[in-house]
**Student:** 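My questions will all concern the structure given below.
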Amino acid sequence: QVQLVESGGGLVQPGGSLRLSCAASGIIYSINTMDWYRQAPRKERELVAIITSGGITNYADSVQGRFTISRDNAKNTVYLQMNSLKPEDTAVYYCHADGSDWGLKSFDSWGQGTQVTVSS
């Protein structure tokens, strides 16, 4: 019932920046954590960043200091600002969220993914 749609991916040169967005739609009472994962070719999906409903964030060591996760609760949207991008950041990026609808039914939803390619 709750869908997530990512946007903002694309092709960027090393050292460049991209801002990913993920909007949750549906009848939502609350969202707990929102997070970003990525999966590079021939690699396992890895957690990139997490933000809780209270604004507490955690990052993978590989992106610490370069990426910033944020959320706009009024818009049910999570963002990932990616700076100083490196070729190894190339991956499909997926957003994830969990929470409850107005009927107190839990949801655990994934987006379809957005491609980020860092190349010169």
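Heads up: numbering here begins at 1 and tracks the sequence.
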**Student:** Look up atom CE in Met34 and atom CG in Asn73, then write down how far apart they are to the nearest 0.5 Å.
**Tutor:** 8.0 Å

**Student:** Would Val92 and Leu80 show up in the same hydrophobic cluster when neighbours are defined by side-chain heavy atoms closer than 4.5 Å?
**Tutor:** no

**Student:** What is the distance from atom OG1 of Thr33 to atom NE2 of His96, rounded to the nearest 0.5 Å?
**Tutor:** 6.5 Å

**Student:** So, Thr77 side chain and Lys75 main chain: donor-acceptor pair closer than 3.5 Å or not?
**Tutor:** yes

**Student:** Tell me, do Thr114 and Leu20 make a side-chain contact under 4.5 Å, heavy atoms counted?
**Tutor:** yes

**Student:** Kindly say whether Ile27 contributes a backbone atom to a donor-acceptor pair with the side chain of Trp102 at under 3.5 angstrom?
**Tutor:** no

**Student:** For residues Ser109 and Asp98, is any side-chain donor paired with an opposing acceptor at under 3.5 Å?
**Tutor:** no

**Student:** CG of Leu4 to SG of Cys95: how many Å apart, nearest 0.5 Å?
**Tutor:** 4.5 Å

**Student:** So Asn32 and Thr52, do their side chains get closer than 4.5 Å, heavy atoms only?
**Tutor:** no

**Student:** Rounded to the nearest 0.5 Å, what separation is found between the OG atom of Ser100 and the CD1 atom of Ile31?
**Tutor:** 10.5 Å

**Student:** Do Ile69 and Ile50 touch side chain to side chain, with heavy atoms closer than 4.5 Å?
**Tutor:** no

**Student:** Could you go step by step and tell me if Trp36 and Tyr93 meet the ring-ring contact (aromatic ring centres under 6.0 Å, His included) rule?
**Tutor:** CA-CA 7 Å; Trp36 288 94; Tyr93 284 71; 7.1 Å; no

**Student:** Going from OG on Ser30 to CG on Asn76, what distance comes out if it is rounded to the nearest 0.5 angstrom?
**Tutor:** 10.0 Å

**Student:** Side-chain contact, heavy-atom cut-off 4.5 Å: Tyr79 with Arg71?
**Tutor:** no

**Student:** Angle between ring planes, Trp110 versus Tyr94, binned at 30° and 60°: parallel, tilted or perpendicular?
**Tutor:** perpendicular

**Student:** For the CZ atom of Phe107 and the CD atom of Gln3, what is their distance to the nearest 0.5 Å?
**Tutor:** 10.5 Å

**Student:** Please examine the side chains of Met82 and Thr68, heavy atoms only from C-beta on, and report whether any two atoms are closer than 4.5 Å.
**Tutor:** no

**Student:** Would one find more than 12 heavy atoms of other residues, nucleotides or ligands at under 6.0 Å from atom CG of Leu47?
**Tutor:** yes

**Student:** Start with the C-alpha gap between Leu18 and Leu85, add the side-chain angles, then the distance that decides, and say whether side chain to side chain contact (heavy atoms under 4.5 Å, CB included) holds.
**Tutor:** CA-CA 8 Å; Leu18 284 174; Leu85 283 162; 4.2 Å; yes

**Student:** Start with the C-alpha distance between Val48 and Phe67, add both sets of side-chain angles, then the distance that settles side chain to side chain contact (heavy atoms under 4.5 Å, CB included), and finish with yes or no.
**Tutor:** CA-CA 9 Å; Val48 176; Phe67 291 10; 3.7 Å; yes

**Student:** Within the distance-only criterion (no hydrogens, no angle test), does the side chain of Thr90 pair as donor or acceptor with the backbone N or O of Val118 below 3.5 angstrom?
**Tutor:** yes

**Student:** Have Ser17 and Asn83 got a donor and an acceptor in their side chains that come within less than 3.5 Å?
**Tutor:** yes

**Student:** Checking Glu6 side chain against Gln112 main chain: does a donor-acceptor pair fall under 3.5 Å?
**Tutor:** yes

**Student:** Between Arg45 and Tyr37, do the side chains contain an N or O donor and an N or O acceptor separated by less than 3.5 Å?
**Tutor:** no

**Student:** Report yes if the side chains of Pro14 and Pro87 come closer than 4.5 Å at any heavy-atom pair, otherwise no.
**Tutor:** yes

**Student:** Taking Gln81's backbone N and O only, do any of them form a donor-acceptor pair with Arg66's side chain (distance below 3.5 Å, no angle check)?
**Tutor:** no

